[in-house]
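Report on the structure given below.
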Number of protein chains: 2
Amino acid sequence: MLTYCIRKRLFVSSRVNSNISPLLELLQFYKHFSKSSDGGGGGGRSDPTSGMIQLFQRRFFIPPEDRHALSLLKGRTCAYGPLGVDLKRNMLEQWWSSVVRSRPQVFGISTLHGVGDDGAGEVEDLFKQTDLTKEQLGVRVCELLRQRKPFRTSLLQGALAQYIPSLELMNRKLPFGLAETGLCYQPEDDCSDAIGCSAEVTEASLVWFCSPRTSSQWLDYWTRQRLQWWRKFALGPSDFNVCDVQDDELIDGASRGAKVLYKFPWGTETLETLWMLGDADLLKGHLGNRDKLQCRDGKKVVVPHVLSLSANMDRGALAVLLNSLQDIQKVDSKQRLHQRTVLKLHPTLAPVKVALDMGKGSTSELRQVCEGLLHQLLEVGISAWPGYMDTMQSSMDKLHTKYDEMGVLFTLMVGENTLENGLLLIRNRDTTIRETMHISEIREFILKHISKAENI
Amino acid sequence: MLTYCIRKRLFVSSRVNSNISPLLELLQFYKHFSKSSDGGGGGGRSDPTSGMIQLFQRRFFIPPEDRHALSLLKGRTCAYGPLGVDLKRNMLEQWWSSVVRSRPQVFGISTLHGVGDDGAGEVEDLFKQTDLTKEQLGVRVCELLRQRKPFRTSLLQGALAQYIPSLELMNRKLPFGLAETGLCYQPEDDCSDAIGCSAEVTEASLVWFCSPRTSSQWLDYWTRQRLQWWRKFALGPSDFNVCDVQDDELIDGASRGAKVLYKFPWGTETLETLWMLGDADLLKGHLGNRDKLQCRDGKKVVVPHVLSLSANMDRGALAVLLNSLQDIQKVDSKQRLHQRTVLKLHPTLAPVKVALDMGKGSTSELRQVCEGLLHQLLEVGISAWPGYMDTMQSSMDKLHTKYDEMGVLFTLMVGENTLENGLLLIRNRDTTIRETMHISEIREFILKHISKAENI
């Protein structure tokens, strides 16, 4: 019999608290792991990340092309594979549920991506400058094109533009919030197209309007809330932290700021920023017309102050993935060491909740049972992996390795037994315990497991 | 006592079956209704649309600015208001659930929006043409800029690029599909920025890979499926139809095509297109390398054929909104005619399931009951409208008019009674029947109502 002896979090780096985005190192990692044939877990300091990224590629979180891995490592949107899509969907869904759906005073909005400017006007102006030679013009036009942003760079401006239409909704009562999730364009200076890195980031944004006297308390409230949210899904919550933004790092118009940070193996990076922006942006956007902007704060009438919360959900997805990886070592009865890697994604975030496989026996009958059960699971929204469709025979060990790396919560094994008495084997990813359960109880059991995890 | 005598669908136009996108008329509508002070329902042929759009603006589906209304009328993404956001979210969610989640052989993907080209290369080439004068250059550069698409124009190319990485996932077994929802850039020639119309469209796309011998049957299958899906949510299902694409309308590479159409008040427009594309796109994208592309179709090995399904979810949202509007006339006991407009959105699509209001009585206690109930509802994902927070007193009639126009399924009224015995009034949007129910039964009752509608 196997016994567990050591459980440790994978790859905790000794290089934490560095706030500098370690771009060059990432690129080195990247070059390194794209050449390395080592499957991961081994020696050098940069190998662990390489191994982890390969695992995410192998298990359909991101496509195999290197540029997608690079984008994700740099906290940008990549072309996600099927499991990555579902993980990010689940994260955005949880964010929406926590920030919008459970709060009557927060409303979802959706604004346009385009900034409505094709740059032709600026180019026309350039051509009107008669003192420029053709060569100078060429240089200036191309410069202009390269600086142009094809779409919005943040969700804040869109929310501010929706402030006035939202006042009626709220009867001009503070506080209230406008939330949106979506794509923003954020090129980095050193992230050129030449190396194929995306300039797209999926942001989740809340713009919170409150009375000036409470804005500082609200910043504290939201900072706590957001940290709690990130930690809720973590296997290692202590890797998620918050810090105040230093005065010299404040953006224009902000009087205070906070950040939610994650300790990546290569250093600490920002997942989310919270800014206390005052009323300047609102006033500027409405030509200083205070009357139109005013809201009720109890019996007083005020122009609200603005808090802006913005999370990078791509970097967040990477943090959640890395944080969930666990290296588990077991020693069997003959003192042999076995190692397995498990992606212990939180039950609500795991893209695949159940894998459905069949043992030996009368294939067509077992397949029918599997198909019936699969549709029962899908019907109630339990995402299930139809492993039984795979005609390549693989050993149970290989199957479990695969599903553990995919973060699958439960593996169901339909066998000859099931045809006789309806019983099947259900294996738990986290405990590796196998239980026998009646096929009619599976759905309820899994739904309960997930909802219990959700409400902690 | 009131009795219903006439129920009719609102504004069914006599001008159907026109396939031409009635742009000029729309613009006339638009000019008309932006000036019109008529609240809707009255006389002229263009008034009904104007009245309906004003209702959607008044009830927070779209913002009050005219350009958003114009975008939506033209089947483009607009800046949705809170209720519009939730309606579209719910539609996309239902699409995902019907196409991806309930089908083990369909996988969600997510590809980049950007096309990775800032146009600078083309401009540089222009400047290299020494025979062009500065003026000619200026004209050509600006032309180029105006033609440039800032991001992808369809989701098909992204899915084709994910074909090879998906093969492993499917063990090279046909058929399978790759699905994605997201923004595409689709300017119309006559939809210039000058009138503020958006060039963004939210598409829901399925790319289906199947054996050549079955592709025609699959096109028929998916056409039926998609029509069924649209009709599932309709109050007037017969306004949704399908037709084959005529030979002279086929896009490049398509050998057959079909469309899902909706009869708008101003004529018929396309909500969704389905193309049978063959293998040309796949072969072109992989330099004719058939070996890499091959899949198993039973015992044969083939290069799959491609079906591409693409729905415009913005035009779809408008269709669903217009289709759900119902004009109901009642005659009371004194033979007086009462008219009300109800937005009978399908229970799964309705953005607000429950409105929560309080009657007269001890305000602070009633408010506490409302707050408790609100959180109970939100907890299980029932979106609830906190009407009790509104301090402006309005009559019950006005409240019901408002909630009916918002498509709210149930209105709950907490009163003095509730404090004594836990009973409250629940009013059904569709039947207008008011029932007394115990507060502890509300949640279950509403969840059952929604799930019943979902499974029809």
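Values below: all heavy atoms of this structure, side chains included; hydrogens, waters and symmetry mates excluded. Reminder, nothing fancy here: chain letters follow the sequence lines and each chain counts from 1.
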Atom pairs and distances, donor-acceptor, side-chain atoms in residues 171-178 of chain B, under 3.5 Å, two or more places apart:
{"from": "B:N171", "atom 1": "ND2", "to": "A:D390", "atom 2": "OD1", "distance (Å)": "3.1"}
{"from": "B:R172", "atom 1": "NH1", "to": "B:K292", "atom 2": "O", "distance (Å)": "3.4"}
{"from": "B:R172", "atom 1": "NH1", "to": "B:Q294", "atom 2": "O", "distance (Å)": "2.6"}
{"from": "B:K173", "atom 1": "NZ", "to": "A:M389", "atom 2": "O", "distance (Å)": "2.9"}

TODO: Specify the closest pair of heavy atoms between B:F60 and A:P165, including all atoms of both residues, with the distance to one decimal.
DONE: CE2-O, 4.4 Å

- [ ] Kindly give the heavy-atom pair with the smallest separation between A:L169 and B:P82, and that separation in Å.
- [x] CD2-CG, 3.6 Å

TODO: Just say parallel, tilted or perpendicular for the rings of B:H113 and A:H113, cut-offs at 30° and 60°.
DONE: parallel

Task: Partner chain A: residue of B:A161, B:A384, B:A79, B:S166 with the largest heavy-atom pair count (under 4.5 Å) - done: B:A79

Task: Option in B:G182, B:G158, B:G108 with maximal non-hydrogen atom pairs under 4.5 Å from chain A - done: B:G108

Task: Under 4.5 Å from a heavy atom of chain A, the part of B:R296 involved - done: side chain

Heavy-atom distances under 4.5 Å only: say whether [X] touches chain B with side chain, backbone, both or neither.
| X | result |
| --- | --- |
| A:L183 | side chain |
| A:S383 | neither |
| A:I109 | both |

Task: Sole candidate of A:V85, A:T202, A:D86 that passes side-chain contact (heavy atoms from CB on, under 4.5 Å) when paired with B:S110 - done: A:V85

Open item on the list: Rounded to the nearest 0.5 Å, what separates atom CD in B:E93 from atom CZ in A:R89?
Closed with: 6.0 Å

Task: Gap separating the CD atom of B:Q162 from the CD atom of A:E65, nearest 0.5 angstrom - done: 6.5 Å

- [ ] For chain B, find its close neighbours in residues 95-106 of chain A: heavy-atom separation under 4.5 Å, sorted by number, or none.
- [x] A:W96, A:R101, A:S102, A:R103, A:P104

Task: Residues forming a side-chain hydrogen bond (donor to acceptor under 3.5 Å, both in side chains) with A:Y388, sequence neighbours excluded - done: none

TODO: Return the set of residues passing side-chain contact (heavy atoms from CB on, under 4.5 Å) with B:Q376 (not counting sequence neighbours), or none when no residue passes.
DONE: B:L373, B:R443

